[in-house]
Amino acid sequence: MDRKVVIPGEEIATGEDYLPGEGTEKREGKIFALKFGLAEEQNNLIKVIPLSGNYQPRRGNTVIGEVENINSAGWFISIGASDSAFLSMNEVPRFVNKDAMDEVFEIGDVVCAKIWSMSKRGIDLSVKGRGLGKIKEGIIFYINPNKVPRVIGKEGSMIKLIKDETDCDINIGQNGAIHIRGENVEKELFAKKAIEFVTQKSFIEGLTEEVTKWLEENKK
Amino acid sequence: MTAKFTRPDGRGLKELRSTEAKVGIIPNADGSAMFRSGDTIAYAAVYGPKKMHPQHQQDPATGQIRCTYNMNSFSVSDRIKPGINRRSMEISEITKWALEPVLMLEKFPNQVVDVFINIIQADAGTRCAGINAAALALAHAGIPMKDMVSSISIGKLDKTLVVDLTKEEEDYHEGEGPTDIPISMTSSGKITHFQLDGKIGVEQIKEAIDMAKEACQKIYEIQKKALKESIKEE
């Protein structure tokens, strides 16, 4: 089955050969889409990848967010999801002085963290791990979270291409926040433009070639 | 009834006004859509799912939907007073009821989806245009839905049933006068909303529902096309 755009309530496939995956439902032997997006089949499992809408957090996601509030147990970080995310002081890989929590993260600091647990109470974050923690320099901007997979590309091919061509270190949060760090502002802005180009053209075929061409044309 | 009934704008009895839909017109919103039916234009913007505020209205069992219908003061030739009134409150609630059955909000406990509908220009059938636009905007916002909702108003002018009334027809004053029946349906033909303003017999109601089914199918195709085209444009 080819990839195709489906709308809620649209029939995607008929028959017992297929299993309903994410964003789909089985009714009387037929598989219906529940969301607006791209329908895809993999090993007889049909799922719908949403193309628009706000960020739906998942366990294991790396996100970039801003410190909103501090209490005695940790920090509240806004990651653009409906639930607020909490970073406990136990999840910081260094000594935290309870009387001076803002020495570690202050309100307004930007933090790269991983979602390690999600429950009814909310989202729990951790900064234990490589590449996680406070972001000290570079630029941050936001894209539509549904376009993050396209910016990363198959096995990171797209982002590797942009990183190599622009000499910048790029860190993508699954919530659509992107952190770029380069030698100078010009290089950072060029990388930003390249990523924005990807998000604008995200539905065309052969995107990697298009981006290679664009990078060559626009590079000084 | 013997004489053949003719509509003021020369349309057939089952013919819709020229209809147009567009998705993704408000960049700031999580989902948005425009729906135009003749001279009636409705814009809908969806925000969320987000935390329900005020907190005491949160429901840990399921998510909720909140609709706000607003008619702009310039949408009709006699300026209407801006702000909430009895009519807009009723239509807000009706829109919510029409859309709620297809939404799968149980995945979003303690959260709310906000739907704002603005009528830019009104020529009857504004609640139907609003529901059509809101359904599109909700799909665009990535809210899980069992089906799409399409809405149409059926009218009874004297004794004749017609589809998609205009303001001129709504003010018809001969014979039994005008009866307005707005109906909303899913694409599989299940009714989610039915209103009746006027007098009508049981037999004719059945006929009206059949007409609505046919008209809603046409609107569904327009909605489907609008959603699918919104991807190619980007």
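Per chain, numbering begins at 1; letters A, B, ... match sequence-line order. Below, each value reflects all heavy atoms present in this structure, side chains not excepted, and no hydrogens, waters or symmetry copies.
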| field | Worked check of salt bridge (Lys or Arg N to Asp or Glu O under 4.0 Å) between A:Arg3 and A:Glu40 | value | CA-CA 5 Å; A:Arg3 276 168 137 213; A:Glu40 219 178 45; 2.8 Å; yes
| message | For B:Ile143, which atoms come within 4.5 Å of any heavy atom of chain A: side chain, backbone, both, or neither? | response | backbone
| field | Contact winner vs chain A - B:Gly24, B:Pro144, B:Ser188, heavy-atom pairs under 4.5 Å | value | B:Pro144
| field | When A:Ser84, A:Gly9, A:Ala81 are compared by non-hydrogen pairs under 4.5 Å with chain B, the top option | value | A:Gly9
| query | With under 30° as parallel and over 60° as perpendicular, where do the rings of A:Phe86 and A:Phe76 fit, or are they tilted in between? | reply | tilted
| Taking all non-hydrogen atoms of both residues, which atom of A:Gln174 and which atom of A:Tyr55 are closest, and how far apart? | O-CE1, 3.4 Å
| request: Considering non-hydrogen atoms only, spot the tightest contact between A:Thr208 and A:Thr212 and give its length. | output: O-OG1, 2.6 Å
| said: I need the residue from B:Pro49, B:Ser187, B:Gly31 with the largest number of non-hydrogen atom pairs under 4.5 Å to chain A. | reply: B:Pro49
| said: Please identify which of these residues, A:Ile180, A:Ile172, A:Val211, meets the side-chain contact (heavy atoms from CB on, under 4.5 Å) condition with A:Ile195. | reply: A:Ile180
| Engaged part of B:Tyr47 at the chain A interface, taking heavy atoms whose separation is under 4.5 Å | neither
| field | Largest heavy-atom contact set with chain A, pairs under 4.5 Å, which of B:Met148, B:Met104, B:Lys228, B:Lys50 | value | B:Lys228
